[in-house]
Engineer: 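Starting off with a structure, shown below.
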There are 2 protein chains.
Amino acid sequence: MTIKDVAKVAGVSIATVSRVINKDTSVSPVTTKKVKKAIKEINYIPNTVGRNLRKSKSEMILVMLPTLSNPFYSKILKGIEERATEQGYGVLISVTHHDVKVERKYLKMLTTKQVDGAISLFSKLSLQEINDLASNYPFVQCCEYTEDAKLSYVMIDNQNAAYEATQYFIKKGHQCIGMISGSFYASSEKLREQGYKNALIEAGIDYDPTYIMKSNYKPESAMEICQTLLQLDPAPTALIAVSDTLAIGAIKYLKSIGMEAGVDIEIIGFDNASIASLYEPSISTVAQPRYDLGTTSVELVIEKINNLHSVNKKIILPHEILFRESTTSKK
Amino acid sequence: MTIKDVAKVAGVSIATVSRVINKDTSVSPVTTKKVKKAIKEINYIPNTVGRNLRKSKSEMILVMLPTLSNPFYSKILKGIEERATEQGYGVLISVTHHDVKVERKYLKMLTTKQVDGAISLFSKLSLQEINDLASNYPFVQCCEYTEDAKLSYVMIDNQNAAYEATQYFIKKGHQCIGMISGSFYASSEKLREQGYKNALIEAGIDYDPTYIMKSNYKPESAMEICQTLLQLDPAPTALIAVSDTLAIGAIKYLKSIGMEAGVDIEIIGFDNASIASLYEPSISTVAQPRYDLGTTSVELVIEKINNLHSVNKKIILPHEILFRESTTSKK
DNA sequence: AATGTAAATGTAAACGATTACATTGACTGG
DNA sequence: CCAGTCAATGTAATCGTTTACATTTACATT
């Protein structure tokens, strides 16, 4: 069932059929009716591949997630989808599982014209690759970015967020603060570590890298790290974890040795995962404006689709620290 | 940069270039080298849209998820991706957010030939729509199915899983067992409710529908339900929740009134979410073979891609009940 | 009546690949 | 030396659209 069949049934040319489908003006009401009837009659559905080839665009945006096991991305995606739909774009998702080969595979959809643009939530591509890609195709980053990369991105001020969290602990009197970071080599990790460091130094507290430990983001890993940190001398009295899952691991370990988060040790996580408010104790956390991160990233990529050589924008959205039971110590 | 440009640079016809790209035999080593050199020289990348149009296939499979906020799907997807890759297919994901309109929108990729097949993890389409679709396009279901639908699917035996969980409680002496179900009208909900009911009836225990309550799968909703259930007379001494998030909500409520899951009330959840083993207390749960559900669904859809009229397969994979702290009462 | 204008429709060339079929030329065997 | 074979390559049709341009027709203007 192609446009040709419709044309035959309706007794018009394929051009006219196409005009009707695309709501082109200048086709008489009578003909329009005939064509529409024919379309219904033979149950015709336009072939998007043919259309895309001719128009050389797909009206699709690719979203690249590092994993599906982190619900953090859910609201971002919602933002992406809603704004994309508004603008007439469809959204397709791919999951890289932190594998750069998979990432390259899906980014080929960009070079092979299967999608018009791509939003990366986490990339392991080299700076060189990113730049090559972004200079030739609409490609933007959301939440994480690659240092010095020449493309548009949107994220929060990770450094400042960690700085504020650390400062909060310092103001409360904590002299020894630990950090459970991650080993994904993400920009956010680096920036948060830097913010933590800056706050300490600024407060005249000795900065000791031993107190920053890298995890694989699994709670189990945070449990081990928490154990190690507590064996240090002096032991930290407050912890900053770069994700709520890590905060959970730490709290779990504390429980296992009879300590209580928010009483014996204070903890702040990152991301405001839904479990953060449900866990016992509930977890203080740095919340990101996830929906807006999503909508903004769509705007950035569409800007690039419309004009590949538009200026690269770096957008910083505001974060918010939510204080809950895990930071209720009076210390 | 098209195949024409390559042909010009290499001094051959486009057919020869195409042959080299597709590793066709019968092109001399000398010419092959020339063509490859030209491809590199002008940095040519084949346009997949053109290719797909001509070959009328996309080598892509669409996976339709109801949500991104449930990590349950992560391992299933992993299975899907790995098996699909093995078979030379790419995987694209779309999220319906439980909205049937969104579902239809993405399923258009099937009718418009943008993907070769689709795997649905949760559908709200009517039986009629499902049948229409599945009879014309490769479309299969995974984990959830639509009653009487004429298509292939793979899932666990939900009814029996709930039956076994209920029976476990009964054997332990529980006389009053509650169920926290869901209101998504999913097949799994219905089947699990039926299994629960059958176990009760078979054990000669009065079946009272008041003890089955529907949630929206959010922990908060389970908290309310748990409160209501405990006010019944008699109050249930064991609970079956159709997801681990619901089990968490119930446990959280119990804590809030000074009761302890696994001691005062026993609870079994579903899905073996990663948080189930990390929560305090850890949660007993019905685990599904997620990875295998994924790989199997790919096999089913590829079978349909290769032969749309192949017989519809209904595959049941084994589940497993994991007993943890939330079912440690000696009662 | 001749001419111009505009609306409605048709014709045919793209888009970028694959592939059936045709052609070329070198080589073989009788 | 000629017919036949086969490997290597080219020509052109095709996939299903959109769209620039051409054509037709009706009507208004002079």
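Order of the sequence lines sets the chain letters (A, B, ...), proteins ahead of strands, with each chain counted from 1. Just so we're clear, the structure is a prediction, and the values are computed from it rather than from any experiment.
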Engineer: Considering only dA17(C), dT9(C), dG10(D), which nucleotide approaches the side chain of Thr31(A) most closely?
Structural biologist: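 Nearest to the side chain of Thr31(A) among the choices is dT9(C).
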Engineer: Indicate yes or no for a side-chain donor-acceptor contact from Ser152(B) to the backbone of Lys313(B) under 3.5 Å, with no hydrogens or angles considered.
Structural biologist: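 Flag set: sc Ser152(B) to bb Lys313(B) pair under 3.5 Å.
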Engineer: Between Thr96(B) and Glu103(B), is there a side-chain donor-acceptor contact under 3.5 Å, judged purely by atom types and distance?
Structural biologist: no
Engineer: Looking only at side-chain N and O atoms, does Arg51(A) come under 4.0 Å of OP1 or OP2 in dT18(D)?
Structural biologist: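 For Arg51(A), the contact criterion (side-chain N or O under 4.0 Å from OP1 or OP2 of dT18(D)) is met.
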Engineer: Checking Gln114(A) against Tyr106(A): is there a side-chain donor and acceptor pair closer than 3.5 Å?
Structural biologist: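 The criterion, which ignores hydrogens and geometry beyond distance, is not satisfied for Gln114(A) and Tyr106(A).
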Engineer: Do the side-chain N and O atoms of Ser58(A) and Asp116(A) include a donor-acceptor pair separated by under 3.5 angstrom?
Structural biologist: yes
Engineer: Where the side chain of Ile14(B) is concerned, which of dT18(C), dA8(C), dG10(D) is the nearest nucleotide?
Structural biologist: dT18(C)
Engineer: Using a 4.0 Å heavy-atom cut-off across all strands, classify Val49(A) as base, sugar-phosphate, or nothing.
Structural biologist: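 Counting heavy atoms under 4.0 Å across all strands, no contact is made by Val49(A).
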Engineer: Take atom NZ of Lys57(A) and atom P of dT19(D), then tell me their distance rounded to the nearest Å.
Structural biologist: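 Roughly 9 Å, once rounded to whole Å.
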Engineer: Counting heavy atoms not belonging to Lys33(A), are there more than 12 under 6.0 Å from its NZ?
Structural biologist: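 Atom NZ in Lys33(A) is not crowded, with 12 or fewer foreign heavy atoms closer than 6.0 Å.
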Engineer: Return yes if some donor-acceptor pair links the side-chain N/O of Gln141(A) with the main-chain N/O of Tyr153(A) below 3.5 Å, else return no.
Structural biologist: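 Such a contact is absent between Gln141(A) side chain and Tyr153(A) backbone.
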Engineer: Rounding to an integer number of Å, can you tell me how far Asn52(A) CG sits from dT17(D) C1'?
Structural biologist: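 Asn52(A) atom CG is separated from dT17(D) atom C1' by 10 Å.
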Engineer: How close or far is atom P of dA17(C) from atom NZ of Lys4(B), stated in whole angstroms?
Structural biologist: 10 Å
Engineer: I want to confirm an ordering. Mapping Thr2(A) and Val12(B) to their closest nucleotides on DNA chain D, which one lands closer to the 5' end?
Structural biologist: Val12(B)
Engineer: Give the rounded distance in Å between these two atoms: CD of Gln114(A) and C1' of dG16(C).
Structural biologist: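 Those two atoms, CD and C1', are 13 Å apart.
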Engineer: Extract the stems that DNA chain D is part of, considering only consecutive pairing runs of at least three Watson-Crick or G-U wobble pairs, both distances under 3.5 Å.
Structural biologist: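 Looking at DNA chain D, the stems formed by three or more consecutive pairs are C:1-30 with D:1-30.
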Engineer: Tell me: CD1 of Ile21(A) to C1' of dT19(D), nearest whole Å?
Structural biologist: 14 Å
Engineer: Can you tell which of dG16(D), dT18(D), dG10(D) lies closest to the side chain of Ser18(A)?
Structural biologist: dT18(D)
Engineer: Examine the side chains of Thr31(A) and Ser28(A) and answer whether a donor and an acceptor come within less than 3.5 Å of each other.
Structural biologist: yes
Engineer: What nucleotide among dT17(D), dC15(D), dA17(C) has an atom nearest to a side-chain atom of Leu53(B)?
Structural biologist: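 Shortest atom-to-atom distance from the side chain points to dC15(D).
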Engineer: Could you tell me how the ring of Phe122(A) sits relative to the ring of Phe184(A): parallel (under 30°), tilted (30 to 60°) or perpendicular (over 60°)?
Structural biologist: perpendicular
Engineer: Which value, rounded to the nearest 0.5 Å, describes the distance between His98(A) atom NE2 and Thr67(A) atom OG1?
Structural biologist: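 His98(A) atom NE2 to Thr67(A) atom OG1 measures 6.0 Å (nearest 0.5 Å).
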Engineer: From NZ of Lys113(A) over to P of dC15(C), roughly how many Å is that when rounded to an integer?
Structural biologist: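 The answer, rounded to whole Å, is 12 Å.
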Engineer: Base, backbone or nothing for each nucleotide of nucleotides 20-27 of chain D, written B, S, -, heavy atoms under 4.0 angstrom, 5' to 3'?
Structural biologist: B-------
Engineer: What is the distance, rounded to the nearest whole Å, between atom NZ of Lys55(B) and atom P of dA20(C)?
Structural biologist: 12 Å
Engineer: Can you check whether Asn22(B) has a side-chain N or O nearer than 4.0 Å to OP1 or OP2 of dT18(C)?
Structural biologist: yes
Engineer: Taking OP1 and OP2 of dA7(D), is either one under 4.0 Å from a side-chain nitrogen or oxygen of Ser26(B)?
Structural biologist: no
Engineer: Between dT18(D), dT18(C), dA8(C), which one does the side chain of Ser28(A) approach most closely?
Structural biologist: dA8(C)
Engineer: Whole angstrom is fine here: how far is it from CG in Asp24(B) over to P in dT18(C)?
Structural biologist: 10 Å
Engineer: Keeping the roles fixed (side chain from Glu82(A), backbone from Gly79(A)), state whether a donor-acceptor pair exists under 3.5 Å.
Structural biologist: no
Engineer: Does dG10(C) have OP1 or OP2 under 4.0 Å away from a side-chain N or O of Ser13(A)?
Structural biologist: yes
